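Everything numeric here is computed off the predicted structure, so don't read it as measured data. Sequence positions, counted from 1, serve as the residue numbers for this chain. We count ligands from 1, going down the list as the structure has it; atoms in each ligand are counted the same way.
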Amino acid sequence: MSKSDRTPSDPDMKFDTKLAHLGRRPTAKGGHAVNVPVVHASTILFDTVEEMEEATRHRAHPNWVHYGRGGTQTHIALQETVAELEGAHAALCVPSGLAAVAVAILSQVRQGDHLLVTDSVYAPTRAFCEGFLKSFGVETDYYDPLDIEDLRAKLRPETRVIYTEAPGSLTFEMQDIPAICQVAHARDTDTKVILDNTWATPMYFKSFAHGVDISVHAGTKYIVGHSDAMLGLVLTSEETTASVHRQANLLGYACGPDDIYLALRGLRTLSVRLERHQQNALALCTWLAGRSDVSRLFYPALPDDPGHAVWKRDFLGASGLFGVELEPVGKEGITAFLNSLELFGMGYSWGGYESLAIPTHPEDYRTVTRWEGHGPTLRLHAGLEDPDDLIRDLEQAFGQLNAAK
Ligand SMILES: *Cc1c(COP(=O)(O)O)cnc(C)c1O
């Protein structure tokens, strides 16, 4: 019997000692629950000095429980599952998608290094590069998401990371990830490719089979899937696992097990949810494409999308987030449209079961490419509602838009 299995049985034990020691190893008999237990922990106990030393030696390893900051069995359940689903060597939970971006980049760069980031990147990732990395002597350049030659021309001997996102935030350009990985890995110097795979999830894009070295996810979106928790995941190849885990350990990131449980719960239905998100997004796009007040749609699953061929070649499906460009209309029209929507909520984030709509301004973020806008743009998230109801909501909102013109 190990020390921690022992239930104190001293008949003279005092009340306060009982309060601290009883009930920690309940003697439940019978079967076991479907779901993993939510293990809350700061202190992890070891039975022997030898076990403690061994766990300490492996503390940066993905599935060793050593101290609460590194996660418990609950975290390991999520990490092992997500890693397997995407074909990664390992996965690590961090407190938000943006924390996942930061850990992934920081694990690969040192002072004096350089990284290349797609101009279509999620804006807070750009802010991290400019507001944080720069002050520590790491320089970032941006490249045209669709131009491999532009990327190649901007490589320097000290370029350590090529950062990608497919499709791009707000504008949905499909990057050619295998081609970018080929450019990175053909270099003599060590250059890693990081992909923000939030849109496709581990279900619709298998990063590692396409050459990616580190894949980051805002688990906040489709993995949690119910708009009720913040979470990031960093997925790694065998080669990048140690550096990522070391970096997260140094930074002291820790995630609460209740949020991890919500992610595990959400993950179980990822497949059925994503199929419906995709169906609904296609239904909305098809309807929107037939309207004279819509000028363009940005959704790689559409056959006439410029990224369709690459998407079809590399991806196994599309999620529910897409962009819409309207025919030129004033601010009053857009405001009337958004204010009148009843089923589409207005708010940041996406990936929950509910539909969303926000105005977007891609032209404000570009630095090396120009966003050739024709009219105002929106980002829509197709939730799991009945598409007929969503279309009716959009139709009445277009009525308001046209009345306000
Ligand atoms: C939301 C998002 C993030 C950041 O995730 P948080 O959990 O909100 O920090 C990162 N990348 C993409 C593409 C996102 O949409």
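- Salt-bridge formation is not detected for the pair Glu363/Arg370: no Lys NZ or Arg NE/NH1/NH2 atom is positioned less than 4.0 Å from an Asp or Glu carboxylate oxygen.
- If you check which protein heavy atom lies closest to atom 9 (O) of ligand 1, you get Leu98 N, 2.8 Å.
- Within a 6.0 Å sphere centred on CD of Glu51, heavy atoms belonging to other residues, nucleotides or ligands number more than 12.
- Taking the side chain to side chain donor-acceptor pair (under 3.5 Å) definition, one finds that Glu173 meets it with Thr171, Arg366, sequence neighbours left out.
- With distances taken over non-hydrogen atoms, the option nearest atom 15 (O) of ligand 1 out of Glu165, His217, Lys221 is Lys221.
- Residue Ser96 has at least one heavy-atom neighbour below 4.0 Å for each of these atoms of ligand 1: 7 (O), 9 (O).
- Neither the backbone nor the side chain of Trp199 comes within 4.0 Å of ligand 1, counting heavy atoms alone.
- Salt bridge present: Lys192 and Glu239 bring a charged side-chain N and a carboxylate O closer than 4.0 Å.
- Look at Arg392 and Asp389 and you find a salt bridge, because one of the NZ, NE, NH1 or NH2 atoms lies within 4.0 Å of a carboxylate O, short of that distance.
- Considering only non-hydrogen protein atoms, atom 6 (P) of ligand 1 sits nearest to Gly97 N, 3.3 Å.
- Of the protein's non-hydrogen atoms, Thr220 OG1, 2.5 Å is the one closest to atom 7 (O) of ligand 1.
- For ligand 1 and Trp350, the ligand atoms under 4.0 Å from any heavy atom of the residue are 15 (O).
- Under 4.0 Å is where a charged nitrogen must lie from a carboxylate oxygen, and between Arg313 and Asp176 at least one such pair does.
- Checked for salt-bridge contact, Arg152 and Glu149 meet the test: a charged N lies under 4.0 Å from a carboxylate O.
- Looking only at heavy atoms of the protein, atom 8 (O) of ligand 1 is closest to Met230 CE, 3.5 Å.
- Remark: minimum distance from atom 12 (C) of ligand 1 to any protein heavy atom is reached at Asp196 OD2, 3.4 Å.
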